[in-house]
Amino acid sequence: MILIQKHFFMLNKYSGYNSKFYLKIGTRFVYQINTKKFLKTTINCGQPTYETHPHLLCKNEVIPGIKKEEFLSRQRSLMRSVVTRKSDVYHILVIPSAVRKYMSDHIPYPFRQNSDFLYLSGCQETDCALVLFGDSDSNFSSTLFLKPPDPQAELWNGPSSRADDASFIFGVTNGKILPQLSSFLTNKIQNHKKCVLWYNQKQKVQSFVDKTVNSVALENKIYINDSLDNHCHKLRLYKSSSEQKLMRKSCQIASKAFIKAMKSTKPGSTEHELYATIDYECRMGGAEFLAYPPVVASGINANTLHYIDNKQKISNGELILVDAGCEYHGYSSDISRTWPANGKFTDTQKTLYEATLSVQKDLIEMCHARSSLDALYDAMCYKLGKALSEAHVFKKNVQDPKDLAMLSRTLCPHHVSHYLGMDVHDTGTVKKNIEIESGFIFTVEPGVYINQNNNFVHDEFLGLGIRIEDDILVTDNSIEVLSANCPKEVEDIERIMSISNN
Ligand SMILES: [Mn+2]
């Protein structure tokens, strides 16, 4: 048996820079006490690092833009959040990674990590788990459980990180392999009188971890606290300055893609081509992929809220509603714009568009007051009804605020805002009635969708669908519209569309 006294890590700059894959980011020397010799092994990493991808990451960053220290501070904050009072209770928190999903035999979907796991570890590998354990935020450790080495799998999928290198790569206290999770949890539980096991039961992101946690809990008669996601989402709600930078960039990339799409729009082209333009421009801008299947809806298709078919031909005189965003190093943008196929709004389209835009701008102004997302929605219902009434969209003269709000709710059946971050509908367990604070990022997205059977509006508006959506960051003293570079004024859109793409 080899007794390992100490690991020495040495980054191999040259092999790293020359490496085309994630291999060989450095060398580990292991001192063996019994033989008094150094054993030399290679440090593998299953994701880009500064050593292999210096065009993506800076020194000490685990994922682009986020340093090791920030992951440690996130873990500490989560411990602080779950330890409610000073006591002798020992806490064990289990956060699973996502698994690889397949579209057909051996053909994987692009992998996307579980956001809570990525937020806390920075690890982009499949089939692993992070465990935090201790009795306070000043006395806790972290263990990353990684896949056991599998040369056959690595032949096909490339190298994956080794448990021995977990602390070096991710900054966790130590690493183990996933099959050790069960005995590890059992051991911790049996060595502490009062234990709480924290694990999100609502979303089964990985069946192995799910089965392990539940069977260990059952065997040891220990209670599973299911609210870990609430604690994690509350932390994720406040974007750090490095996260704000990534979000800003994500919105800038998407905004540029929208401008290109507007410029390339012409009657006779297809929704599919616009989709391709946005996808291409986002990737060329540095985004990994689009943050969600985009809505590219021409004409009456805009009345289908989640229209993602995107196959129709674009006709002269129609409006096109596009709702798209990209994911940039794990952070999402979410923008909607509506523009005329031929580059010029008709009077009717302009009337409805200007009414929607005025409401959207009012709501963005309202963000300075830091009410809540629900307050923005209530305000939208009244303001939209009023704006549409003043623009003579309705057949009848509606004045009563309640009637106006009710009409708005039928014309805009969705909420006006959601939190935005690593997920498009970010921090889903956080209520929308809480006061907006510095560091929050959310959307403001009023829409008007008039289907062809609507009896309340004048016929000329039937079939039109409009949504205008921006992404807002609340700063200490003000707000920042992260998607401000994406044109939304009628004259800006018409001017941009008169200049051809090159
Ligand atoms: Mn949205």
Side-chain angles (χ1 to χ4, degrees), residues 112 115 233 236-237 239 243 246-255 257-258 261 274-275 278-279 282 287 289-297 301-308 310 320-328 330-339 353 356-357 359-364 366-367 372-381 384 408-409 411-432 436 440-449 465-474 479-488:
R112 188 180 184 277
S115 299
H233 289 181
R236 280 173 47 194
L237 187 58
K239 271 69 182 177
E243 288 183 297
L246 291 167
M247 288 293 293
R248 192 172 288 120
K249 180 74 179 172
S250 181
C251 290
Q252 279 166 358
I253 294 169
S255 298
F258 266 83
L274 276 189
Y275 176 168
I278 289 182
D279 191 22
C282 284
F289 32 70
L290 294 183
Y292 51 95
V295 174
V296 185
N301 293 337
N303 274 289
T304 305
L305 293 181
H306 278 175
Y307 175 83
I308 54 169
N310 305 344
I320 303 145
L321 188 162
V322 176
D323 183 341
C326 61
E327 193 170 308
Y328 178 71
Y331 288 83
S332 301
S333 40
D334 180 5
I335 301 174
S336 300
R337 290 291 185 265
T338 310
W339 64 86
Y353 186 87
T356 314
L357 182 61
V359 173
Q360 203 246 7
K361 292 202 284 195
D362 269 11
L363 294 174
I364 291 176
M366 236 187 97
C367 297
S372 66
L373 305 194
D374 280 346
L376 289 176
Y377 177 70
D378 291 341
M380 179 203 73
C381 290
L384 189 62
S408 295
R409 276 194 283 271
L411 294 174
C412 179
H414 57 75
H415 201 287
V416 78
S417 180
H418 55 83
Y419 303 112
L420 183 69
M422 298 181 83
D423 293 326
V424 177
H425 293 168
D426 204 45
T427 61
T429 63
V430 178
K431 293 216 166 87
K432 290 184 174 180
I436 294 165
F440 285 21
I441 294 178
F442 52 87
T443 65
V444 174
E445 48 177 313
V448 182
Y449 316 93
I466 289 166
R467 179 161 65 253
I468 307 167
E469 173 179 29
D470 278 308
D471 302 337
I472 315 295
L473 161 69
V474 177
I479 62 163
E480 181 183 340
V481 181
L482 298 175
S483 47
N485 291 341
C486 191
K488 63 181 175 183

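Index from 1, following the sequence. Counting starts at 1 for both ligands and their atoms, in listed order.
Taking 4.0 Å as the cut-off between side-chain N and carboxylate O, Asp423 and Arg112 count as a salt-bridged pair.
Nearest N, O or S atom of Glu445 to the Mn ion (ligand 1): atom OE2. Summary: OE2 is the N/O/S atom of Glu469 found nearest to the Mn ion (ligand 1). Sorting the N, O or S atoms of Asp334 by how far they are from the Mn ion (ligand 1) puts OD2 first.
Not one N/O/S atom of Asp323, from backbone or side chain, sits under 2.8 Å from the Mn ion (ligand 1). The Mn ion (ligand 1) has no N, O or S atom of His425 inside 2.8 Å of it.
Scanning both residues, Cys367 and Phe442, for their nearest heavy atoms gives SG-CE1, 3.7 Å.
Atom CD of Glu480 sits about 8.5 Å away from atom CD1 of Ile441, to the nearest 0.5 Å. Annotation: the span from Leu482 atom CG to Met247 atom CE amounts to 6.5 Å, rounded to 0.5 Å.
Side-chain rings of His306 and Tyr292 stay apart, their centers remaining 6.0 Å or farther from each other.
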